[in-house]
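As structure tokens, the structure follows; a few thoughts come after it.
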Amino acid sequence: MDPTVSVEEPLGEQFQHRMVNPKPGELLEETYIVKDPLGSGRFGKVWLVEDKQTGKRFAAKQCACRRPSQRKEFEMEIELMNALDHPKLLQLYEAFFGKNDVTFILELVTGGELFDRIADEAFDLTETLAVKYIRQICEAVSYMHNKMILHLDLKPENILCVSPDRLDSIKIIDFGFARRYTPNTPLKIMFGTPEFVAPEVVNFDPLGKGTDMWSIGVVTYVLLSGLSPFMGDDEQETLSNVTACEVDFDDDSFEDVSEEAKDFICQLLSIRESKRPGCDQCLKHTWLSKPDSHRKSLSAAVVNLKKFVARRKWVRSINAVRAMTRLQAGLKKNDGATFSK
Ligand code: PIT
């Protein structure tokens, strides 16, 4: 099999890519019927909505947007989403800037977060399936990198299943941290999620395509074992584990994991950003190019993933409370440069 060919069967109808020009106003309730909540995150709340005229269903993400600097960030997100037309990258349908908020009308996917699905059902996780997921991520990120756009927030929460009955098909969401990348202009940022950020982010060194590749390495590690490779007792310890870049596969959960998979992870978790393989190289790696060779159930990983998912949800709810407390305290300072997510 040609390793560069997608292992996935075609899905039905594809969402038509649109160039979105944000409109003024809070049109949401005039145009759409707001239905069930789909989820929430750093980005605010996401709801299932239905177009009153056409009956078409979408996801609506609404976020507070009060300061001009916040508006600029959302405008950048829209601009980048306009540039990204790929079936594995969630598409934007339209956007509204209200007086104090912004609403994104997005492609609807109904399968929920991938790691939730793996953890909460009688899910038979195998390396064969993990390969399917990581291939789709590499294909999507390869497309972004060819357009010189970095995602910069690849983590389990941002990988959604397309539908409850297509758990092998995923899409990447949240382009709120995505940035254009020009090789000779150093790009430095100080945001992300400690467990998934690369050493260059922690050290405030220049970023590159390898920064996303690191996160794909961490996601693969967690997917195959349910363990978080750099997790410490607190944020500081996690960040110092990242910069120490010590990865091991000593836990019993790795007993059923293939050597090819471990090699794949090790290559992605190299300390030097430029040493990490790119997406196209990854797609040619033996682990990703023999998609049907590891059918053993990774039952230890599923047990650990349940704990992983529960802990991440706890962290997210704590951060939501912190954000609320900050709001109530009336802190007006822009504290986008933190690690609390
Ligand atoms: C869905 C279903 C769902 C969540 C989302 C979309 C969230 C999408 C999203 C997109 C972004 C972003 C944050 C969240 O910055 O359960 O169809 O561009």
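Positions are given from 1 along the sequence.
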So does [Y] get a backbone contact from the side chain of [X], meaning a donor-acceptor N/O pair under 3.5 Å?
X: Lys306; Y: Ala119; result: yes
X: Tyr143; Y: Asp85; result: yes
X: Gln91; Y: Leu89; result: yes
X: Asn304; Y: Ser225; result: yes
X: Ser163; Y: Thr110; result: no
X: Asn82; Y: Val20; result: yes
X: Gln136; Y: Ile170; result: yes
X: Asn158; Y: Asp153; result: yes

is_close_aromatic(Phe115, Phe123), centroid dist under 6.0 Å: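 Centroid separation for Phe115 and Phe123: 6.0 Å or greater.
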
Phe177/His151 aromatic ring centres below 6.0 Å: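 That pair fails the under 6.0 Å test.
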
Residue [X] excluded, over 12 heavy atoms near [atom1] under 6.0 Å:
X: Lys56; atom1: NZ; value: no
X: Asp233; atom1: CG; value: no
X: Arg179; atom1: CZ; value: yes
X: Glu246; atom1: CD; value: no
X: Lys52; atom1: NZ; value: yes

Taking all atoms of both residues into account, what is the closest heavy-atom pair of [X] and [Y], and its distance?
X: Ile78; Y: Phe97; value: CD1-CE1, 4.1 Å
X: Lys188; Y: Leu207; value: CA-CG, 4.5 Å
X: Asp251; Y: Asp248; value: N-OD1, 4.5 Å
X: Val257; Y: Lys262; value: O-CE, 3.6 Å
X: Ala59; Y: Val46; value: CB-CG1, 3.9 Å
X: Leu125; Y: Ala301; value: CD2-CB, 4.2 Å

Do you reckon [X] sits in the same ILVMFWY cluster as [Y], going by side-chain contacts under 4.5 Å, direct or chained?
X: Leu154; Y: Met231; result: no
X: Met148; Y: Met81; result: yes
X: Leu48; Y: Ile33; result: no
X: Leu152; Y: Phe74; result: yes

To the nearest 0.5 angstrom, please state how far the [atom1] atom of [X] sits from the [atom2] atom of [Y].
X: Leu167; Y: Arg117; atom1: CG; atom2: CZ; result: 7.5 Å
X: Ile137; Y: Leu223; atom1: CD1; atom2: CG; result: 7.5 Å
X: Leu92; Y: Met19; atom1: CG; atom2: CE; result: 10.5 Å
X: Tyr181; Y: His145; atom1: OH; atom2: NE2; result: 9.5 Å
X: Leu288; Y: Cys282; atom1: CG; atom2: SG; result: 6.5 Å
X: Asp256; Y: Leu298; atom1: CG; atom2: CG; result: 6.5 Å

Working for side chain to side chain contact (heavy atoms under 4.5 Å, CB included), residues Met144 and Leu84: CA-CA 7 Å; Met144 291 185 76; Leu84 298 172; 3.9 Å; yes

Determine whether [X] and [Y] make a side-chain contact, defined as any pair of heavy atoms from C-beta on separated by less than 4.5 Å.
X: Lys88; Y: Ser169; value: yes
X: Val222; Y: Pro229; value: yes
X: Phe230; Y: Val247; value: yes
X: Leu114; Y: Pro156; value: no
X: Leu227; Y: Ser253; value: yes
X: Leu150; Y: Leu187; value: yes
X: Leu283; Y: Arg135; value: yes
X: Val201; Y: Trp214; value: no

Salt bridge (Lys or Arg N to Asp or Glu O under 4.0 Å) contacts touching residues 192-206 (sequence neighbours left out): Glu195-Arg311, Glu195-Arg312, Glu200-Arg276

Side chain to side chain contact (heavy atoms under 4.5 Å, CB included) between Val162 and Lys171, intermediate numbers included: CA-CA 7 Å; Val162 169; Lys171 284 189 200 263; 3.9 Å; yes

Side chain to side chain contact (heavy atoms under 4.5 Å, CB included) assessment of Val49 paired with Leu108: CA-CA 9 Å; Val49 297; Leu108 176 66; over 6 Å; no

CA sep, side-chain torsions, deciding dist, call: Thr31, Ile105, side chain to side chain contact (heavy atoms under 4.5 Å, CB included): CA-CA 11 Å; Thr31 320; Ile105 306 294; over 6 Å; no

Basic-acidic side-chain contact under 4.0 Å: Glu113, Arg316: yes

Lys72 with Glu75: basic N within carboxylate O range, under 4.0 Å: no

Worked check of side-chain hydrogen bond (donor to acceptor under 3.5 Å, both in side chains) between Lys296 and Thr128: CA-CA 8 Å; Lys296 215 175 197 179; Thr128 302; over 6 Å; no

Verdict with reasoning, Glu127 to Trp287, per side-chain hydrogen bond (donor to acceptor under 3.5 Å, both in side chains): CA-CA 9 Å; Glu127 272 190 45; Trp287 187 58; 2.8 Å; yes

Parallel, tilted or perpendicular: rings of Phe308 and Phe196 (30°, 60°):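 Perpendicular.
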
What pairs of donor and acceptor atoms, side-chain ones from residues 264-273 against any protein atom, are under 3.5 angstrom apart with sequence neighbours left out?
residue, atom, partner, partner atom, Å
Gln267, NE2, Asp263, OD2, 2.9
Ser270, OG, Gln267, O, 2.7
Glu273, OE2, Lys209, N, 3.3
Glu273, OE2, Gly210, N, 2.8

